[in-house]
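Below is one structure, written out as structure tokens; the observations come after it.
Keep in mind the model is a prediction, meaning the values are calculated, not measured. Excluded from the calculations below are hydrogen atoms, water molecules and symmetry mates; all remaining heavy atoms, backbone and side chain alike, are included.
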Amino acid sequence: MTTARPARLSLRAARRLAIGAQGLAAPLPAGRLDVRHLRRAMDCMGLLQIDAVNVLARSHLLVLRARVGGTHDTVLGLLERAAYARRASERELTEYWGHEASFVRVADWPLFGWRMRRGAAGDMWSGYARFGQANQSKIAAALDWMSANGPASTAELDAAMEWGPGVRGPWGTRSNGKLALAWLFWAGRVGVADRTGFVRRYDIIERVLPADVVEAVVDEPDAHRALLADAARCLGVATADDLIDYHRLPKRIAPARIAELVDDDQLREVAVEGWDRPGYVPAGQRAARRRSRSALLSPFDPLVWHRPRAERLFGFHYRIEIYTPKAKRQYGYFVLPFLHDDELVARLDVRFDRERKMLEVPASWAEPGSWPSGTAASAHALEALAAELHALSAWCGGEGVSVLSRGDLAGRLRAAVTGADC
């Protein structure tokens, strides 16, 4: 059993470990992107949260952009080929409940079998669970129909089964087909075969994933340990709460699994400067050598998606305001943190005007203490941010950047963006 006193880690070293683990320090790939770049990015992240917000681009594409660059269409094409290849044997990614709805590596799908088994027994979102308890005949009929007829969207299944009115709930009326497919998906009986736009089409899991993956069984404690170890590798340094959050593991059970990983010398406990709780790093973790790239991050990027960790690690208090009434928003609708020199130094409300082919910045805000006036560091950060905005515009297929007047960084940023465009 490991009994050594925890090593001490400075906050800057902790930041560098976290940034390096997420693939945000290594240079962006040069030349043409291919599936190898996507694999490396997924190896750094472990999973990729899916989100429907499309003010700028789908969030998961922004997350990949920060790690592989390319163009929007190139990244989208790589992701679609990896997740929805015609043959199950050619798929490297698939959709499941990881950190919320996520792309996960096909090889990792059996590690979520415990969640599927619990879900089938009723441990899933309450609306799905209630539907499952009352409608097993409809669920069985849906599975039989797909087995005989192939992939179906919610609308296609509803039309084929002629089930009539849906089920009313707190989020409005949901169709029988939607609820049946949601239950089957959670229970691992169906997977996402393809998408048309953002509409999922489901099929029986035996046609979505290879047989050896579907048939693999990992017991719950082993799966939890594997997922926690993977989270530690992807996070670089993390508290127990951070590790548990990464794959949304059971909070009552996971601490015991973390202790087992420490006892097995797979995790090492560290004392991080300024943290009021222990941190954990993977055994053999090396100090990161490179500083971060300068990158605008999605609100759902793994580096910042667990808001308590973002505040603990970077002093960055972050709350997404998409669902906040416009008059009450402090920073904006779709706000991207700006990573520069191992710190989060600014936040920008960003949108893309597809008709004008223009990246718009309605608001831009400096983090307190990050932009000392008249210093070389401030000038460098401003130059890097202007370049990143132009790069993001080009990635979206745009032809320029427009910085509006709201925010304490707007005036300086507008001048820098204009200068960078010359």
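Salt-bridge formation is detected for the pair D242/R312: a Lys NZ or Arg NE/NH1/NH2 atom is positioned less than 4.0 Å from an Asp or Glu carboxylate oxygen. A salt bridge between R105 and D43 is present, with a side-chain N of the basic residue lying under 4.0 Å from a carboxylate O of the acidic one. For R118 and E220, the salt-bridge test passes: some basic side-chain N is under 4.0 Å from an acidic carboxylate O. Between R225 and E260, at least one side-chain N (NZ, or NE/NH1/NH2) sits under 4.0 Å from a carboxylate O, which counts as a salt bridge. Using a cutoff of 4.0 Å between basic side-chain nitrogens and carboxylate oxygens, E399 and R354 are not scored as salt-bridged. The pair E100-R248 counts as a salt bridge, with a side-chain nitrogen and a carboxylate oxygen less than 4.0 angstrom apart. The pair D230-R233 meets the salt-bridge criterion, with a side-chain N (NZ, NE, NH1 or NH2) lying under 4.0 Å from an Asp/Glu carboxylate O. Under 4.0 Å is where a charged nitrogen must lie from a carboxylate oxygen, and between D342 and R12 at least one such pair does.
The environment of CZ in R319 is crowded: more than 12 heavy-atom neighbours from other residues, nucleotides or ligands sit within 6.0 Å. Residue R87 places its CZ atom among 12 or fewer non-hydrogen atoms of other residues, nucleotides or ligands, all under 6.0 Å distant.
Looking at Q285, its side chain does come within 3.5 Å of a backbone N or O of G236 through a donor-acceptor pair. Checking side-chain atoms of S10 against main-chain N and O of A13 turns up a donor-acceptor pair under 3.5 Å. Counting only distance, with no hydrogens or angles, the side chain of D108 and the backbone of L111 share no donor-acceptor pair below 3.5 Å. When atom types are taken as modelled, the side chain of D353 and the backbone of M358 share no donor-acceptor pair closer than 3.5 angstrom. Remark: the backbone N or O of D34 is paired with a side-chain donor or acceptor of H37 at under 3.5 angstrom. Side-chain atoms of S294 do not come within 3.5 Å of backbone N or O of A384 as any donor-acceptor pair. One N or O on the side chain of W371 and one on the backbone of V345 form a donor-acceptor pair closer than 3.5 Å. R91 places a side-chain N or O within 3.5 Å of a backbone atom of A85 that can act as its donor or acceptor partner. The closest donor-acceptor contact from the side chain of D301 to the backbone of V304 lies at 3.5 Å or more, if one exists at all. Without hydrogens or angle criteria, E321 side chain to G332 main chain gives a donor-acceptor distance under 3.5 Å.
Under the 3.5 Å distance criterion, with hydrogens and angles disregarded, no donor-acceptor pair is assigned to the side chains of H380 and D341.
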Side chain to side chain contact (heavy atoms under 4.5 Å, CB included) between L62 and L392, intermediate numbers included: CA-CA 9 Å; L62 293 174; L392 180 58; 4.1 Å; yes
V208/V192 under side chain to side chain contact (heavy atoms under 4.5 Å, CB included): CA gap, chis, key distance, verdict: CA-CA 7 Å; V208 173; V192 179; over 6 Å; no
Stepwise side chain to side chain donor-acceptor pair (under 3.5 Å) test for S378 and T375: CA-CA 5 Å; S378 178; T375 65; 4.5 Å; no
Side chain to side chain contact (heavy atoms under 4.5 Å, CB included) evaluation trace for R351 with Y333: CA-CA 9 Å; R351 65 192 180 205; Y333 181 78; over 6 Å; no
Full working for side chain to side chain contact (heavy atoms under 4.5 Å, CB included) between V403 and V401: CA-CA 7 Å; V403 179; V401 179; 4.2 Å; yes
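Taking the side chain as every heavy atom from C-beta outward, L179 and Y128 approach each other to under 4.5 Å. Side-chain contact between L385 and L296 is present, with heavy atoms from C-beta onward closer than 4.5 Å. Looking at heavy atoms from C-beta onward, Y331 lies out of side-chain contact with D349 at the 4.5 angstrom threshold. The shortest side-chain heavy-atom distance between F300 and H99 does not fall under the 4.5 Å cut-off. Using a 4.5 Å heavy-atom cutoff, the side chains of L227 and L249 are in contact.
Aromatic ring centroids of Y96 and F103 lie 6.0 Å or more apart. Proximity of the aromatic rings of W125 and W97 is defined here by a centroid distance below 6.0 angstrom, and this criterion is met. The distance between the ring centers of W305 and Y246 falls below 6.0 angstrom.
Here the rule is side chain to side chain donor-acceptor pair (under 3.5 Å) with E95, and of Y84, W109, Y202 only Y84 fits it. Among L409, L348, D408, the one residue that satisfies the side chain to side chain contact (heavy atoms under 4.5 Å, CB included) test with W365 is D408.
The OG1 atom of T74 sits 11.0 Å away from the CG atom of L61 when rounded to the nearest 0.5 Å. Summarising the geometry, atom NE2 belonging to H224 is positioned 9.5 Å from atom CG belonging to D219; distances are rounded to the nearest 0.5 Å.
The shortest non-hydrogen separation linking L382 to A416 is CG-CB, 3.7 Å.
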